[in-house]
Amino acid sequence: MKRHVVLLIAMLALVVIAGLSILLATRQPVAATPVPSALVGQSAPPISGTPFGGGTFSLSAERGKIVVVNFFASWCGPCQVEEPNLLTFAWQQRHRGVAVVGVVFNDTLAAAQAFDTKWGTRQFYPSLADPNGTFAFHYGVTSPPSTFVIDTHGRVVAELLGPVTTAQLNNVIARVRA
C-alpha cells in the first residue's frame, strides 16, 4: 500500500513538471502592448535638455528622422528587460534615419546615470533627465517603460506600454516608412 502511494506521488510530480515545462516552452516572450493614445496623430510635445555625458538634445532638431522616445527608470524591472532590445534597435537603425532618446521617469539622477552607465547606453543614444516630470506629464506617462514613436513630421504615430522588443520597434518603423 505504501509503495502505491509513493508511486502515485511520483507520477503526480512528473505530470506537474511536464506541464510546467510545456508552459514555459510555449509561452510568448514579454513584450510591450500598443495602446490607443490621445497623442497619436498629434504633434509630439517638445523634449529638450542636456543628455548624460553632455551635449544637447532637442526633439525639434530631430525633425526629418523617426524618433523613438522611451521613458525609463532604474528601479523598473521591465526597463531592465527591454534595455538590450533598445540598444540593439538603436545600433541597427543608427544610419537609417531613426533616433532614440531615453527620458528618466520618476527616478534620481544618480540612479538613472548608473543605469545608463551599466548598460553603456550613451554609446547608442542619449538619455535626459525630466525635471519635475514635465515631459512625462505632457506625454501622459504614468509608469515606465512607455515608448512613443514619432514620425519625420514630428507627429506621434504609436505608443507602446511595457518592455519593447527590437522586432516590435522594427515593425512600427516599417509601418511609418510605408
Side-chain angles (χ1 to χ4, degrees), residues 30-91 93-94 97-166 168-169 172-173 175-176:
V30 175
T33 303
V35 295
S37 172
L39 287 177
V40 171
Q42 304 298 316
S43 291
I47 294 176
S48 62
T50 303
F52 304 158
T56 60
F57 177 87
S58 172
L59 188 57
S60 62
E62 300 297 324
R63 190 68 49 97
K65 293 182 182 177
I66 297 170
V67 181
V68 175
V69 179
N70 177 261
F71 288 86
F72 75 97
S74 65
W75 48 262
C76 163
C79 297
Q80 300 274 347
V81 169
E82 83 173 350
E83 190 62 21
N85 291 305
L86 282 170
L87 295 172
T88 298
F89 173 80
W91 185 80
Q93 297 292 331
R94 71 193 180 285
V98 177
V100 178
V101 63
V103 180
V104 178
F105 178 84
N106 196 23
D107 203 352
T108 67
L109 189 56
Q113 287 176 327
F115 179 92
D116 199 58
T117 300
K118 171 187 172 186
W119 288 101
T121 304
R122 290 180 202 164
Q123 298 173 29
F124 300 96
Y125 63 86
S127 295
L128 307 172
D130 185 3
N132 304 316
T134 305
F135 303 144
F137 174 78
H138 289 294
Y139 277 80
V141 175
T142 58
S143 66
S146 292
T147 304
F148 295 83
V149 179
I150 301 165
D151 71 11
T152 57
H153 303 290
R155 291 185 309 256
V156 176
V157 294
E159 179 180 355
L160 302 161
L161 293 180
V164 295
T165 66
T166 304
Q168 279 182 305
L169 290 172
V172 172
I173 298 307
R175 284 197 321 263
V176 171

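Because the structure is predicted, anything quoted here is derived from the model rather than measured.
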Using a 4.5 Å cut-off on heavy atoms from C-beta on, say whether the side chain of F148 contacts that of V141. yes

Among residues two or more places apart or on two chains, list those pairs meeting side chain to side chain donor-acceptor pair (under 3.5 Å) that have a residue in residues 129-146. none

Does a side-chain heavy-atom distance below 4.5 Å link R94 with F124? no

OG1-CG distance between T165 and N85, expressed to the nearest 0.5 angstrom: 6.0 Å

Is there side-chain contact between V100 and L87, with heavy atoms separated by less than 4.5 Å? no

So CG of L160 and CG of L169: to nearest 0.5 Å the spacing works out to 6.5 Å

Would you give the length of the straight line joining atom SG of C79 to atom CZ of F105, rounded to the nearest 0.5 angstrom? 9.5 Å

When you compare the side chain of Q123 with that of W91, does any pair of heavy atoms fall below 4.5 Å? no

Evaluate the side-chain proximity of T108 to Q113: yes if any heavy-atom separation is below 4.5 Å, no if none is. no

Distance-only donor-acceptor hits, side chain of residues 38-57, under 3.5 Å, sequence neighbours excluded:
none

Distance-only criterion, 3.5 Å: show the donor-acceptor pairs between side-chain atoms of residues 63-76 and protein atoms not counting sequence neighbours.
residue	atom	partner	partner atom	Å
K65	NZ	E62	OE1	3.3
N70	ND2	E82	OE2	2.8
N70	ND2	T147	OG1	2.8
S74	OG	D107	OD1	3.3
S74	OG	D107	OD2	2.6
W75	NE1	N106	O	2.9

